[in-house]
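Since the structure comes first, as structure tokens, the remarks are kept for the end.
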Amino acid sequence: MGLLNRLDDPYEGGGIVLGKVEELLNWGRSKSDWYLHFGLACCAIEFMAMNASHFDFMRFGTIPRTSPRQADFIMVTGTVTFKMAERIKILYEQMAEPKYVISVGSCSNSGGPYWEHGYHVLKGVDRIIPVDVYIPGCPPRPEAFEEGMMQLQKKINQQAIFNKRKRIELEDSTKDESNKES
Amino acid sequence: MTAAEIFEKLGSEFGSAILSLTEEPATDSFITVDPAQLFDICHTLRDEESLLFDYMMSLSALDLGENLGVVYHLYSMTHRHKIVIKVSVSKENPVVPSVERIWRTADWHEREAYDLLGVKFDGHHNLIRILLPYDWEGYPLRKDYVTPDTYHDMKVPY
Ligand code: SF4
């Protein structure tokens, strides 16, 4: 991450680092993501391996929370049945902004093995809550979890904090112009 | 006791309620009985000195087309013998006596059979759905089950 690299090369050799406040805040946010683990099926078992010492999920600064109010993101791991889908939605709505969603495994991405005959399975958790990162696999390897976590950190790092509306309007207007030209 | 001996023993006590014995190699032998007398038969199976089936290994239900079947796998810890009891009831009126008061294991097993196949267990103290939501309609493991289009505004098949 850019800010950290600059620590090795301080401005004028003394304890000054130049950078944006936004970068600093985002750096902090992305490196201390607390999560609400929503384990539903076999993918949650794989997530145990991810949490154990060998793969050590906590090195990303993640801490499991049991309350949605303290969580930054929710990890949906496994088969989302209709019965649980309603509960996921309630928990997601209880989380404080900014909030993110990681969907783990074929089941929660798209219904997976239950696509055809799953009378009880929601065909993808993104049909009820917005998903930020999809981790594919049935179940995904712990390396895939790591990749997914890195993608989420990347996303958080790039997010605007200040003057959001102004910047979005600016982006939209440039988009509109380029659309008109083409 | 062998299956034939158990069949004879039950037959001497319940007569025509014990319908038939099927013995096939490689599978468990099973006795088909009349559902109307099921509770008394099971009571005898558990408490009779020479039978003592004190352990219900599983209770399952199945769709036989015209009928619904219920299968009881029993084992005796004392005598180390086992037997399978089968009953079948019509789909229009699928009522089977509950054996929950004989083997407590049957409590949740019967609720599951009711939840997924709609077998009504007469005498069960709390026959409600166990896996599906309480407001689910229909019994999904029946062959003629039609998947609904939506559940609580969530689309089911795509
Ligand atoms: S995606 Fe595969 S491993 Fe994960 S919950 Fe579904 S069936 Fe289980």
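Values in this document were obtained by computation on a predicted structure and should not be read as measured data. Throughout, a chain's letter reflects where its sequence line sits, starting with A, and its residues are numbered from 1.
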Over 12 non-hydrogen atoms of neighbours within 6.0 angstrom of CH2 in B:W108: no

Is A:K99 atom NZ crowded by more than 12 heavy atoms from other residues, nucleotides or ligands, each under 6.0 Å away? yes

Considering non-hydrogen atoms only, spot the tightest contact between B:M154 and A:I128 and give its length. SD-CG2, 4.0 Å

How close do B:L141 and A:Y119 get, heavy atom to heavy atom, and via which atoms? CD2-OH, 4.5 Å

Looking at every non-hydrogen atom in both residues, tell me the closest pair between B:V156 and A:K123 and how far apart they are. O-NZ, 3.3 Å

For the pair B:Y158 and A:W115, name the ring-plane relationship: parallel under 30°, tilted 30 to 60°, perpendicular over 60°. parallel

Answer yes or no: are there more than 12 heavy-atom neighbours, outside A:H54 itself, under 6.0 Å from its atom NE2? no

Measuring from atom CG of B:D153 to atom CZ of A:R127, what distance do you get when rounded to the nearest 0.5 angstrom? 14.5 Å

Residues, nucleotides or ligands: over 12 heavy atoms within 6.0 Å of B:Y134 OH: no

Side chain, backbone, both or neither: which part of B:L131 has an atom under 4.5 Å from a heavy atom of chain A? backbone

So does A:R59 have more than 12 non-hydrogen atoms from other groups sitting under 6.0 Å from CZ? yes

Heavy-atom closest contact (A:E86 atom, B:Y151 atom, distance): OE2-CE2, 4.3 Å

Any chance you could measure B:R129, atom CZ, to A:K83, atom NZ, to the nearest 0.5 Å? 10.0 Å

Looking at B:H79, I'd like to know if its NE2 atom is crowded, meaning that more than 12 non-hydrogen atoms belonging to other residues, nucleotides or ligands lie closer than 6.0 Å. yes

